[in-house]
Amino acid sequence: STEVPSADVTTTTAPTATEWANSLLQTIGRLYGFVDDQGDPFNSDGKSFAVMVGTAGLYAGLVQAIGLNALASGADNPLKAMNGVSVIPIFNPRRSAATAEFNMFRLDGNVKPLIHSVEVPLQTQIIGAGSEMEFHEDAHAFGIKIVEGMTYGYWQHAAEVTFS
């Protein structure tokens, strides 16, 4: 909550749309503030962001915060005032252990925060019709092979925020 003060919310596992909107706004502002070794901003021209959460409780408030024109208090949604900036919600159940945090990624940078590489594309193999295996065992065998990985690009295009 020192870097993103609005991440100090009432219920960490289910922030309200208002709490979400304020947290997203401050996180984008924080990303805009990252500078390189020359003091130049990394993300000042960023317009497209993705926000990933791992629970339905977090996702519900996130989607509301992005979609509503006015928040529950009646105030205008501050995210709507950011002309040309888009925020895409992503629900990733593999992150279900992260019940009180979200990840934000800049999508339109020249280098992505995470880079997916494929060394060997998907290959399929089959031992089937007409084979010895089919003749002796009345069976077919199927196999697949793929070699791929994920690595870091620019950490400056990503942020992780924990609600407190």
From OG1 (T27) to CG (N22), nearest 0.5 Å: 10.5 Å
Shortest non-hydrogen contact between S164 and D8, atoms and distance: O-OD1, 3.1 Å
Cluster link V161 to L79, ILVMFWY, side chain under 4.5 Å: yes
Rounded distance (nearest 0.5 Å) linking atom CH2 of W155 with atom CD of E160: 14.0 Å
Exam field: side chain K80 to backbone I66, donor-acceptor pair closer than 3.5 Å: yes
Check: D36 side chain, G39 main-chain N or O, donor-acceptor pair, under 3.5 Å: yes
Closest non-hydrogen atom pair between S23 and F163, with its separation: OG-CE2, 3.6 Å
CD/Q125: more than 12 non-hydrogen atoms of other groups inside 6.0 Å: no
Audit row: S86, F49, side chain to side chain contact (heavy atoms under 4.5 Å, CB included) steps and yes/no: CA-CA 6 Å; S86 67; F49 300 91; over 6 Å; no
Intermediate values then yes/no, side chain to side chain contact (heavy atoms under 4.5 Å, CB included), N103 and V53: CA-CA 7 Å; N103 301 97; V53 296; over 6 Å; no
Same cluster (ILVMFWY, side-chain, under 4.5 Å), I146 and I144: yes
Closest non-hydrogen atom pair between L107 and K112, with its separation: O-NZ, 2.5 Å
Transitive ILVMFWY side-chain link V51 to I90, under 4.5 Å: no
same_hphob_cluster(V63, F105) at 4.5 Å side-chain heavy-atom cutoff: no
pair M104-L31: side-chain heavy atoms closer than 4.5 Å: yes
Side-chain donor or acceptor of D108 paired with backbone N/O of K47 under 3.5 Å: yes
Check against side chain to side chain contact (heavy atoms under 4.5 Å, CB included), H140 and F142: CA-CA 7 Å; H140 294 176; F142 301 90; 3.9 Å; yes
Backbone N/O of A65 and side chain of N77: donor-acceptor pair under 3.5 Å: yes
Test item: side-chain donor near acceptor, S6 and E19, under 3.5 Å: no
Gap separating the CE atom of M52 from the CG atom of L62, nearest 0.5 angstrom: 11.5 Å
Crowding at CD1, I126 (>12 non-hydrogen neighbours, <6.0 Å): yes
Check: F42 ring centroid to Y154 ring centroid under 6.0 Å: yes
Aromatic contact, W20 with Y59 (centres under 6.0 Å): no
L58 side, atom CG; T11 side, atom OG1 - distance, nearest 0.5 Å: 11.0 Å
Nearest-0.5 Å distance that lies between atom OG1 in T18 and atom CG in L68: 8.5 Å
Pair F102-L24, side chain to side chain contact (heavy atoms under 4.5 Å, CB included): steps then yes or no: CA-CA 10 Å; F102 68 91; L24 293 174; 4.0 Å; yes
Nearest heavy-atom neighbours spanning L25 and P78: CD2-CB, 3.6 Å
Interatomic spacing from CD in E148 to CG in L122 - rounded to 0.5 Å: 9.0 Å
Closest non-hydrogen atom pair, G153 against V111: CA-CG1, 4.2 Å
Exercise: identify the closest heavy-atom pair between R106 and G46: NE-CA, 3.4 Å
